[in-house]
Amino acid sequence: MKKMTFIAALLCILAAIPASAQRPRGRYTPPAPRTRTSYSAHRSTYGRSYGYVPNTYFGLRFGLSASHVSSDAPDLSSNSSKSGLDVGAVVGIQMAPQMPLFFETGLLYVEKGGKGKFDSNKFSYGLNYLEVPLVLKYSAYVAPATAVEPFIGGYLAGGISGKVKDYRDHEAFNSFGSNGANFKRFDGGIRVGCGLAYEMLYAEIGYDFGLSNIGDNAFDDTHNGAMFLNIGMNF
């Protein structure tokens, strides 16, 4: 119940972000065929073709993730993935006036973790983060008002909640606490994926490769990994 209340409140806040910052939208004009081969001619044509692309956009994201934890410690390494929510808002800023390359960041609430068995004992743990994506995104129009948008970069995250569940002993405790298997709050890594935009609608699929050692034991390498699928709108 607390989780759903938090998500509902976050969505209400995020919905208000782009209300005062909607960007003017124009009909996209695909690049004209090149009849000259000089660099200056191509640059001029390219700049006019992307004249309708705004400098900044705001977006809302909502989706699902399938995550796991890989670790040298057998009681932390998950044998199967755990599903979770992704919800948040992003902003994209065009990096160059004549090139559809954007820097995108924002704030996301993401649910990661894992589940598995150790010594015939079933366990699961949730790792919930506030995550800041830091990616470069290229917007390549493949049809009027339709663009394919591959992206690559990184992310930084801070753990805010989560439960470790021991099914044999019927115990549950804080994932970031001091009891039993616990995790560091900080996480960071590489984010890659690809989006598809049509007018204001947007969908994306990607993967977070955790590079930070999130395990509390410095002698064991423990890392997050998560595939995500989000939908949303860009304004």
Side-chain angles (χ1 to χ4, degrees), residues 3-4 6-7 10-11 14 59-92 103-118 122-137 149-165 172 174-177 181-196 202-217 220-232:
K3 182 187 299 184
M4 296 307 297
F6 171 78
I7 294 174
L10 184 60
L11 283 174
L14 297 177
L60 299 178
R61 302 288 184 262
F62 182 83
L64 298 173
S65 64
S67 61
H68 69 279
V69 173
S70 59
S71 177
D72 296 336
D75 58 335
L76 294 183
S77 187
S78 58
N79 307 116
S80 57
S81 61
K82 183 180 184 297
S83 60
L85 291 176
D86 278 30
V87 59
V90 299
V91 57
F103 172 72
E104 183 178 286
T105 186
L107 183 63
L108 306 171
Y109 168 76
V110 299
E111 296 180 343
K112 297 182 180 180
K115 55 185 178 180
K117 287 185 178 182
F118 175 65
K122 183 181 178 182
F123 66 88
S124 69
Y125 39 82
L127 304 172
N128 306 326
Y129 297 92
L130 287 180
E131 185 170 293
V132 177
L134 303 164
V135 300
L136 289 176
K137 176 178 289 187
E149 300 183 343
F151 56 87
I152 185 170
Y155 72 91
L156 300 174
I160 57 173
S161 65
K163 290 291 185 181
V164 176
K165 296 181 180 179
N174 190 343
S175 298
F176 302 106
N182 59 332
F183 301 86
K184 296 177 182 176
R185 291 186 182 273
F186 175 77
D187 186 27
I190 298 173
R191 165 171 284 219
V192 296
C194 188
L196 179 66
Y202 181 80
E204 67 181 3
I205 186 171
Y207 196 91
D208 284 348
F209 296 90
L211 298 181
S212 298
N213 185 1
I214 62 171
D216 196 49
N217 189 337
D220 296 320
D221 283 332
T222 304
H223 303 279
N224 269 319
M227 176 175 288
F228 57 89
L229 176 63
N230 293 331
I231 58 174

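For the pair Glu111 (side chain) and Leu85 (backbone), a donor-acceptor distance under 3.5 Å is present. Counting only distance, with no hydrogens or angles, the side chain of Thr222 and the backbone of Ser71 share no donor-acceptor pair below 3.5 Å. No donor-acceptor pair under 3.5 Å is formed between the side chain of Ser80 and the backbone N or O of Gly116. Here the side chain of Ser67 pairs no donor or acceptor atom with the backbone of Gly225 at under 3.5 angstrom. Checking side-chain atoms of Asp220 against main-chain N and O of Asp72 turns up no donor-acceptor pair under 3.5 Å. Of the possible polar contacts, one joining the Ser175 side chain to the Lys163 backbone as a donor-acceptor pair under 3.5 Å is found. Side chain of His223 to backbone of Ser212: a donor-acceptor contact under 3.5 angstrom is found.
Cation-pi geometry between Lys112 and Tyr155 is met: under 6.0 angstrom from the ring centre, within 45 degrees of the axis.
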- Message: side chain to side chain contact (heavy atoms under 4.5 Å, CB included), that's the test. Do Asn128 and Tyr109 meet it? Break it down for me.
- Response: CA-CA 7 Å; Asn128 306 326; Tyr109 168 76; 3.7 Å; yes
- Check against side chain to side chain contact (heavy atoms under 4.5 Å, CB included), Phe103 and Leu136: CA-CA 5 Å; Phe103 172 72; Leu136 289 176; 4.2 Å; yes
- Item | Audit row: Leu64, Leu229, side chain to side chain contact (heavy atoms under 4.5 Å, CB included) steps and yes/no | CA-CA 6 Å; Leu64 298 173; Leu229 176 63; 5.7 Å; no
- Message: Under the criterion side chain to side chain contact (heavy atoms under 4.5 Å, CB included), I'd like the reasoning laid out for Glu149 against Glu104: C-alpha separation, chi angles, the key distance, then a yes or no.
- Response: CA-CA 12 Å; Glu149 300 183 343; Glu104 183 178 286; 5.9 Å; no
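Going from atom CG of Asn224 over to atom CG of Leu127 covers 5.5 Å, rounded to the nearest 0.5 Å. Once rounded to the nearest 0.5 Å, the distance linking NZ of Lys117 with OG of Ser124 reads 13.0 Å. To the nearest 0.5 angstrom, Leu211 atom CG is 11.0 Å from Asn213 atom CG. Here Arg191 contributes atom CZ and Tyr207 contributes atom OH; the two are 12.5 Å apart, rounded to the nearest 0.5 Å. Remark: Asp86 CG to Tyr129 OH distance equals 13.0 Å, nearest 0.5 Å. Residue Ile205 holds its CD1 atom at 12.0 Å from CG of Leu196, rounded to the nearest 0.5 Å.
When all heavy atoms are compared, the tightest approach of Phe176 to Lys184 is CE2-O, 3.4 Å. Nearest heavy atom pair, residue Pro133 against residue Gly106, reads CD-O, 3.6 Å.
Side-chain contact between Val132 and Leu107 is present, with at least one heavy-atom pair separated by less than 4.5 Å.
No more than 12 heavy-atom neighbours from other residues, nucleotides or ligands sit within 6.0 angstrom of CD1 on Ile231.
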